[in-house]
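The block underneath contains the structure these notes are about, expressed in structure tokens.
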Amino acid sequence: GGPEPSPAPGHPEAEPGAPASSLWDRLGGEDKIRALCNDIYDRHAADPLTAPWFGAHVRGNIRKEAEVKQYVFEFFSSGIGGPHAYTGRDMRSVHRHMEIGDHAFHAVAYHVLAAMASHEAGGDAEREEVLGILQSLRSEVLGGPEPSPGPGHPEAERAADGAPMLQHALLVALGASAALFFPLVLWRMAMALDSGANNLGICQWSAAFYLKGGALTEFLNALPYILNLAPLATVFLGIYLREATGNDYLTFATFFIGFVGVPVVDMIIGEDSYNPTPEQETALRENWWFSFHLCLYVWAYVATVPAVAYYVALESGFLDGGADGLSCVALAGISSSLGIASGFGIGCIHELIHRPSFLLLNHGRAVLLLSNYNHFWVEHLFGHHKRVATDEDPASSAMNEPLWTFIWRCMYQSFVSACRLEARFQRARGRGFWCIENRILVPSLASLLVDACIYRFLGPKALVVQLVQSFLTAFLTDNTNYIEHYGLRRSRRSDKKDEWGLHNDYEQPGWMHSWNSGDRLTNWMLFKIQRHPDHHVNAGRPYQTLRTFKESPTYPTGYAGMIFLSWFPPLFFAVMNPLVKKAIADHASQVRDRSYGRIFPKGANNISSVYQEKGADFFQPGSEDSVGVDSAGEVSGQPDPVLLGRGGPAAVRIEKAKKKGQ
């Protein structure tokens with residue numbers, strides 16, 4: 001494809017009187033050279049001296065036989081004056097993982113010369129030319145010092161290819177992020193312990209993206225939420241880097257970007273502390289672009305799952321009957337990356353299932369169907385939002401409870417709770433659990449059908465991708481549940497129990513029963529699910545109007561960083577336990593001096609969905625139906641918070657104020 005390289009010593013065209021015809025023509029042209037290249041590959045693969053380096057069974061080899069033969073033909077053509085440009089990677093990148101020895105290189109050269117003689121492609125002079133070209137590539141194939149390509153050399157053109165540079169930049173950025181992570185967490189932890197000030201952020205009080213205006217302003221206000229597609233994009237980035245470099249480990253790009261890179265950038269950018277005015281809230285509610293971005297994620301996810309499954313089916317040889325070119329490393333990387341991207345999408349699904357619209361609810365359910373997670377929305381809406389921050393809630397972790405014991409209990413108990421709630425829903429309508437209207441059972445059968453189709457048409461490795469991404473969707477959702485209410489508890493007002501023997505008389509969910517983060521980057525990626533206290537108090541408020549208050553329990557960083565920390569319980573406890581104790585003390589102080597109602601706005605509606613009537617649970621006028629911050633008045637009789645130990649009774653109770661005004 002570029003200018004032809006300078007001929008090596010001994011090349012006839014370097015001598016006076018060299019023939020004008022190209023080596024391509026002198027070797028016989030298209031038909032003879034294609035057959036010659038195929039024969040060369042077959043000799044490489046059959047010779048015991050070279051066979052260990054050829055074939056899909058070799059770790060790091062990601063191309064099928066037909067692809068390699070095509071690249072060999074293109075490379076031959078581009079090096080001897082033929083019409084075909086080489087479209088593969090440079091020789092050093094192709095052979096780096098092989099660690100080819102001298103004896104194998106000599107055997108490769110012999111195969112080329114023997115094949116030329118067998119096909120009667122050229123004579124002694126042409127064989128000398130080809131041998132000279134092979135010798136010029138020796139250091140690159142064996143991994144020796146890399147020569148500097150001269151001007152016009154094809155390798156100089158291929159060196160401009162961005163994949164190796166992108167790989168290097170990615171590794172450097174991730175290394176720097178890892179080094180910065182813990183110092184930044186400690187810095188931000190000090191801010192979070194100060195409930196008298198907001199965490200810092202770049203332009204944290206800017207009203208940008210909240211402004212009233214025309215069509216362009218509305219578009220720009222919602223535009224940052226396009227970042228919710230970034231995790232899905234990193235799945236394809238990892239696949240691209242694998243194709244471009246041959247490094248299977250780069251398929252884990254989503255993991256490292258999502259849980260190392262994103263948290264560091266999140267902490268550097270910092271908090272968006274701005275709350276919209278009443279007039280801005282009205283404009284934000286009426287801006288249809290915010291709903292568009294919710295739906296856009298769903299469409300992108302629904303397209304990504306079969307696209308990735310198809311790629312895996314192709315690479316594994318299932319579709320064309322070729323050799324399996326997908327290593328276990330690549331399969332694990334692609335599967336986990338898709339699952340992590342789906343886990344990041346829970347912010348979108350969470351918002352959709354709360355919207356009072358069957359169209360939006362069913363968009364969310366489409367993602368849950370593709371991720372085998374159909375019970376989540378039932379339990380979340382009518383279980384978690386009813387029992388949040390209590391021992392009865394499977395999705396609310398206690399202080400000092402490790403993630404690795406919480407997660408399995410949460411998964412099991414949430415499923416049981418969802419089935420109980422669905423049975424009650426159907427019973428109230430005169431139907432049994434086993435009915436065609438069942439909102440968990442029927443979609444679950446549809447999920448199984450999807451899984452079966454993936455297995456039938458795309459093969460077992462594509463099914464592995466589907467099952468791994470489904471599991472990680474559930475895992476990361478419950479991992480998020482773990483951090484959202486860690487250590488925070490509502491007080492129980494009596495010993496009343498529900499039909500399943502669970503205590504159900506608790507104080508109203510409030511602003512001090514969920515952890516808050518105003519961090520800008522992850523709130524854009526997760527549709528502001530991190531402004532979680534406002535969501536649990538006012539479940540009907542659309543995400544673009546959720547508010548943040550410095551007095552609420554506050555994380556040192558957003559969900560991505562907190563999820564990463566939660567995988568290491570001692571580190572997580574070291575960061576979070578002081579914050580939990582501070583939140584408990586702050587709430588007690590707010591109750592004692594009756595400042596709670598002056599700090600936080602009026603209004604409450606802790607359950608919101610297309611199925612739930614307003615006021616059916618805790619409800620106070622001024623919730624999702626009002627706009628703006630109304631801080632007038634106060635809420636009297638707020639009970640004290642309770643700090644619970646691991647799975648047991650109250651370990652710490654803040655003493656109740658005895659006198660009014662104290």
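- For the pair R439 and Y611, the cation-pi test (distance below 6.0 Å, angle within 45°) is passed.
- Between the side chains of Y506 and D393, not a single donor N or O lies within less than 3.5 Å of an accepting N or O.
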Worked check of salt bridge (charged side-chain N to carboxylate O under 4.0 Å, His left out) between R429 and E437
CA-CA 10 Å; R429 286 150 181 79; E437 293 86 359; over 6 Å; no
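- Note: Y373 and F475 fail the aromatic proximity criterion, with ring centroids not under 6.0 Å apart.
- The closest side-chain donor-acceptor pair between Y596 and E551, if any, does not fall under 3.5 angstrom.
- Residues M562 and Y486 have side chains not in contact (no heavy-atom distance under 4.5 Å, counting atoms from C-beta outward).
- A salt bridge links E499 with R427: the distance from a Lys NZ or Arg NE/NH1/NH2 to an Asp or Glu carboxylate oxygen falls below 4.0 Å.
- Side-chain contact of N516 with S552: a donor-acceptor pair under 3.5 Å is absent, judged by distance alone.
- Using modelled atom types and a 3.5 Å distance limit, the side chains of N374 and S447 yield a donor-acceptor pair.
- Proximity of L360 to E351: side-chain heavy atoms (C-beta onward) are nowhere separated by under 4.5 Å.
- In this structure the side chain of Y297 reaches within 4.5 angstrom of the side chain of L232, judged on heavy atoms.
- Annotation: F425 is not in aromatic contact with F382 [ring centroid separation under 6.0 Å not met].
- With 3.5 Å as the limit, one finds a donor-acceptor pair spanning the side chains of Q280 and Y274.
- H485 and H384 have their aromatic ring centers within a separation under 6.0 angstrom.
- Between D534 and K528 no salt bridge is recorded (no basic side-chain N to carboxylate O distance below 4.0 Å).
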